[in-house]
Amino acid sequence: MLLEMERRLGRRLRAVLKEEYDLEMASIPLESPPDLRLGEIATPIAFELARKLRKAPKVIAQEIVLAIGPLAGFDRFEVAGAGYINAYLDRGAAAQMVAVSEPQASPKGLPHAEGHVLVEHTSINPNKAAHIGHLRNAILGDTFVRLLRAAGSKVDVQNYIDNTGVQVADVVVGFLRLEEKTAAEVRVLLAELARRGERIDYYCWDLYARTSQWYSGGTAEENAGRSQMRLDTLHLIEHAGNETAEIADLISTAVLRRHLETMLRLGIEYDFLPRESEILHLKFWEAAFEKLKQSGVLYFENEGKNKGCWVMRRTGSSAHLVQNQGSPEDDGLKGIDEDAKVIVRSNGTVTYVGKDIAYHLWKFGLLGRDFGYKRFFTYPDRECWISAESGEPDHPRFGGASAIYNVIDARQSDPQANVIQALRGMGYTDQADHYTHFSYEMVALTPRCAEELGYEISQEDKQKSYIEVSGRKGFGVKADDLIDKLIAATRAEVDARGTSPAAAVRQKIAEQIAIGALRYFMLKFTRNSVIAFDFKDALSFEGETGPYIQYAVVRIRNIFRKGSTTPEAALAALAEAAELEKRLTGDENEDIWALWLRAGRFSLVLEQCIATSEPAHLARHAFQLAQDFANFYHRHHILTEEDPGRKAFLLATAAIALRELAGALALLGIESPEAM
RNA sequence: GGGCGAGUAGCUCAAUUGGAUAGAGCACCGGCCUUCUAAGCCGGGGGUUGUGGGUUCGAUUCCCGCCUCGCCUACCA
């Protein structure tokens, strides 16, 4: 509602400025006044015009207000303060707009909503259990996908799997050397773990940490040999068709399945799992290399430290070309850019960024090659596909997106920028413009949390406010452990409250609350804030948390249950605009109007979330709405209200709150329990 | 050295992208369960927005300097 009203007002204001002052404004700044007594929409436009028109802002504001005239949906316009123009909505009409159903954010405001949007998230190396950092990634990505879909975009969700990287190689080295297992024995182990209900990703978590230590645990000579073995293993895995590669495939596939199971606990699903192995074997890079050379993005370096490499100039680095070293008598700059990014090494192998460029050309449908596709994992309502050298004949098509979002942590912003730069250099400016590095900061542990978990902390780390987690060191909180712990805590509370006589129902509710708490916790921080993880905060269910919002939903449902009616009936019986106007006006009804107005903000918030790639805005909106409802709930007792007209109105208000809260929660991937 | 991000209440974070009196949660203190669920509500104390300048009607937000902190910056993958 509010989004529509803002657009209506903006259009009128532009017309007024044109008529009165012959001014063309691209956009009019509109904002929400700090207090309802100052109206619902405000604009400081008069301040901006003061200099240009050589008039006092207050005078301009008055002239504009006079010129606006009557506008559908608005009650009046006033000048306040030094020159603000405040717009007051026709509350009855506004409430009816909110009640009818919230119009979705206009697809016009979306990036390429007409085509496919591709969101890549999760992308955990398949060599160990997922940890809390991965949870933030997946929850952010999944929520953003829900937002895009709610706004009308067609979205494919991808989870990139680096199954041939050094991290997988490390675990394979662990199996071969520390565990001394053959491929057949690894198979047996996998079956054994499955039979006992144990988690292979947990097993690898420890083995990975042990192997990492082992690399540096011997004499200098031994360590050199171990490093060599690591490299050899990596190459064997890349080439495939050998026992080492077989072990890698067994392990990475089993761990991948575990990751999908973990994420499914949070309601997170994927459409496609592109794997590094296929990017290698289907020769994506070779196709990209030709294009990169043709476009001149890559050039062959003949001198300096990068001699013999194909390199790409970094943006902005051309300014400081380094001086030719070793010959001070040289007359200055030689034009060697030692800061250039190496894409192909002097030994002919391609770097990670090179492969990533090829992969992203595929994402935009620019590579001229495609994966094979196989079914991999079945969800209740969809199939998840995985890349294959030769796939099934019947399959959906992925890639060829018109806009992409890569949910990757902030530490990767440099390589991400390299890929974007390469696209731009190849002339794909439109694609580069619709390439979003959906960046976020890491989840770290507070020193206290690390100590609780039994890790030894250095004196230096103790002084810090947070300590970075490390899969290599086996330092971190595993995702499933956290989820289990959350469910145990909520289950104890649900049991103590006797929420339901049936244990199965209590378990279900406990899970919904636990997941709600976790997802909200990961979403309430804005992306570039480091989360210093602490069990105390994550296990909290009071205040600004998921359960607080879920609790509001449950309370509303109870009102309808005890009142023997339904939200649908309450909305169907909504009064005429004139009566609504009366019930929404006056000091004693300001809190009710605040609730309706907040409900009407939804599309505005959705648009803002997508424009800024920031789901935290919706999390905050949901919380504020729940707060508004709690306020309303304690002020007005609905079921004992004697005036039938007012009671019907209060019920309709509750119905709106329910619809908006449950809807916002669903977009955050949080379920609304029946009881708490 | 260079690049990016951050510094806001005791703690953890917001602030509609330059707007009106800088807001929440936690913690602390004091109230509220015979009324639709107390995972809740009401009230209270708490701030020189790191610092010094600048830009302007107006700065937490933009620019410059300085101080702290984090991350990134290999022909490893």
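Just so it is clear: chains get the letters A, B, ... in the order the sequence lines come, proteins before strands, and each one is counted from 1.
Straight-line distance between the P atoms of B:G58 and B:A20: roughly 14 Å, to the nearest whole Å. Comparing B:U61 with B:A6, their P atoms sit 12 Å apart, to the nearest whole Å.
Anti is the glycosidic conformation of B:C32, whose angle departs from 0 by more than 90°. Regarding the sugar-base torsion, B:U17 falls in the syn class, its angle being within 90° of 0.
For the residue pair A:Ser216 / A:Asn223, no side-chain donor-acceptor distance below 3.5 Å is found, with atom types taken as modelled. Between the side chains of A:Tyr208 and A:Arg472, at least one donor-acceptor pair of N or O atoms lies under 3.5 Å. Using a 3.5 Å distance cut-off with no hydrogens or angles, the side chains of A:Gln228 and A:Asp232 do pair a donor with an acceptor.
Note on A:Glu641 versus A:Arg646: salt bridge recorded, some NZ/NE/NH1/NH2 to OD/OE distance being below 4.0 Å. Taking 4.0 Å as the cut-off between side-chain N and carboxylate O, A:Glu674 and A:Arg557 count as a salt-bridged pair. By the 4.0 Å N-to-carboxylate-O rule, A:Glu590 lies too far from A:Arg635 to be salt-bridged with it.
Within 4.0 Å of A:Gln550, counting heavy atoms only, lies no atom of the nucleic acid at all. Among the heavy atoms of the strands, none lies under 4.0 Å from A:Ala82.
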Protein-nucleotides 7-10 of chain B N/O pairs under 3.5 Å:
none

Tabulate atom names and distances for all N/O pairs under 3.5 angstrom spanning the protein and nucleotides 73-77 of chain B.
{"from": "B:C75", "atom 1": "O3'", "to": "A:Arg345", "atom 2": "NE", "distance (Å)": "3.1"}
{"from": "B:C75", "atom 1": "O2", "to": "A:Ser346", "atom 2": "N", "distance (Å)": "3.1"}
{"from": "B:C75", "atom 1": "O2", "to": "A:Ser346", "atom 2": "OG", "distance (Å)": "3.1"}
{"from": "B:C75", "atom 1": "N3", "to": "A:Ser346", "atom 2": "OG", "distance (Å)": "2.6"}
{"from": "B:C75", "atom 1": "N4", "to": "A:Lys305", "atom 2": "O", "distance (Å)": "3.2"}
{"from": "B:C75", "atom 1": "N4", "to": "A:Lys307", "atom 2": "O", "distance (Å)": "3.3"}
{"from": "B:C76", "atom 1": "OP1", "to": "A:Arg345", "atom 2": "NE", "distance (Å)": "2.8"}
{"from": "B:C76", "atom 1": "OP1", "to": "A:Arg345", "atom 2": "NH2", "distance (Å)": "2.7"}
{"from": "B:A77", "atom 1": "OP2", "to": "A:Arg345", "atom 2": "NE", "distance (Å)": "3.1"}
{"from": "B:A77", "atom 1": "OP2", "to": "A:Arg345", "atom 2": "NH1", "distance (Å)": "3.4"}
{"from": "B:A77", "atom 1": "OP2", "to": "A:Arg345", "atom 2": "NH2", "distance (Å)": "2.6"}
{"from": "B:A77", "atom 1": "O2'", "to": "A:Val166", "atom 2": "N", "distance (Å)": "3.0"}

Is there any protein nitrogen or oxygen under 3.5 Å from a nitrogen or oxygen in nucleotides 29-39 of chain B, and what are the pairs?
{"from": "B:U35", "atom 1": "O2'", "to": "A:His637", "atom 2": "NE2", "distance (Å)": "3.3"}
{"from": "B:C36", "atom 1": "O2", "to": "A:Leu639", "atom 2": "N", "distance (Å)": "3.4"}
{"from": "B:C36", "atom 1": "N3", "to": "A:Ile638", "atom 2": "N", "distance (Å)": "3.2"}
{"from": "B:C36", "atom 1": "N4", "to": "A:Tyr633", "atom 2": "O", "distance (Å)": "2.3"}
{"from": "B:C36", "atom 1": "N4", "to": "A:His636", "atom 2": "O", "distance (Å)": "2.9"}
{"from": "B:U37", "atom 1": "OP1", "to": "A:Asn558", "atom 2": "ND2", "distance (Å)": "3.4"}
{"from": "B:U37", "atom 1": "OP2", "to": "A:Lys562", "atom 2": "NZ", "distance (Å)": "3.4"}
{"from": "B:U37", "atom 1": "O2'", "to": "A:Tyr551", "atom 2": "OH", "distance (Å)": "2.2"}
{"from": "B:U37", "atom 1": "O2'", "to": "A:Arg555", "atom 2": "NE", "distance (Å)": "3.3"}
{"from": "B:U37", "atom 1": "N3", "to": "A:Met676", "atom 2": "O", "distance (Å)": "2.9"}
{"from": "B:U37", "atom 1": "O4", "to": "A:Met676", "atom 2": "N", "distance (Å)": "2.8"}
{"from": "B:U37", "atom 1": "O4", "to": "A:Met676", "atom 2": "O", "distance (Å)": "2.9"}
{"from": "B:A38", "atom 1": "OP2", "to": "A:Arg555", "atom 2": "NH2", "distance (Å)": "2.7"}
{"from": "B:A39", "atom 1": "OP1", "to": "A:Arg497", "atom 2": "NH1", "distance (Å)": "3.0"}
{"from": "B:A39", "atom 1": "OP1", "to": "A:Tyr551", "atom 2": "OH", "distance (Å)": "2.9"}
{"from": "B:A39", "atom 1": "OP2", "to": "A:Arg497", "atom 2": "NH1", "distance (Å)": "2.9"}
{"from": "B:A39", "atom 1": "OP2", "to": "A:Arg497", "atom 2": "NH2", "distance (Å)": "2.6"}
{"from": "B:A39", "atom 1": "O4'", "to": "A:Arg497", "atom 2": "NH2", "distance (Å)": "3.2"}
{"from": "B:A39", "atom 1": "N9", "to": "A:Arg497", "atom 2": "NH2", "distance (Å)": "3.3"}
{"from": "B:A39", "atom 1": "N7", "to": "A:Arg497", "atom 2": "NE", "distance (Å)": "3.4"}
{"from": "B:A39", "atom 1": "N7", "to": "A:Arg497", "atom 2": "NH1", "distance (Å)": "2.7"}

Produce the list of close N/O pairs, under 3.5 Å, pairing protein atoms with atoms of nucleotides 16-23 of chain B; give distances to one decimal.
{"from": "B:G19", "atom 1": "O2'", "to": "A:Glu31", "atom 2": "OE2", "distance (Å)": "3.0"}
{"from": "B:G19", "atom 1": "O2'", "to": "A:Tyr84", "atom 2": "OH", "distance (Å)": "2.4"}
{"from": "B:G19", "atom 1": "N3", "to": "A:Tyr84", "atom 2": "OH", "distance (Å)": "3.4"}
{"from": "B:A20", "atom 1": "N6", "to": "A:Asn86", "atom 2": "OD1", "distance (Å)": "2.7"}
{"from": "B:A20", "atom 1": "N1", "to": "A:Asn86", "atom 2": "OD1", "distance (Å)": "3.3"}
{"from": "B:A20", "atom 1": "N1", "to": "A:Asn86", "atom 2": "ND2", "distance (Å)": "3.3"}

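Residues passing the side-chain hydrogen bond (donor to acceptor under 3.5 Å, both in side chains) test with A:Asp356, sequence neighbours excluded: none.
With a 3.5 Å limit on both pairing distances and Watson-Crick or G-U wobble geometry required, the stems of 3 or more pairs in RNA chain B span B:1-7 with B:67-73, B:10-13 with B:23-26, B:28-32 with B:40-44, B:50-54 with B:62-66.
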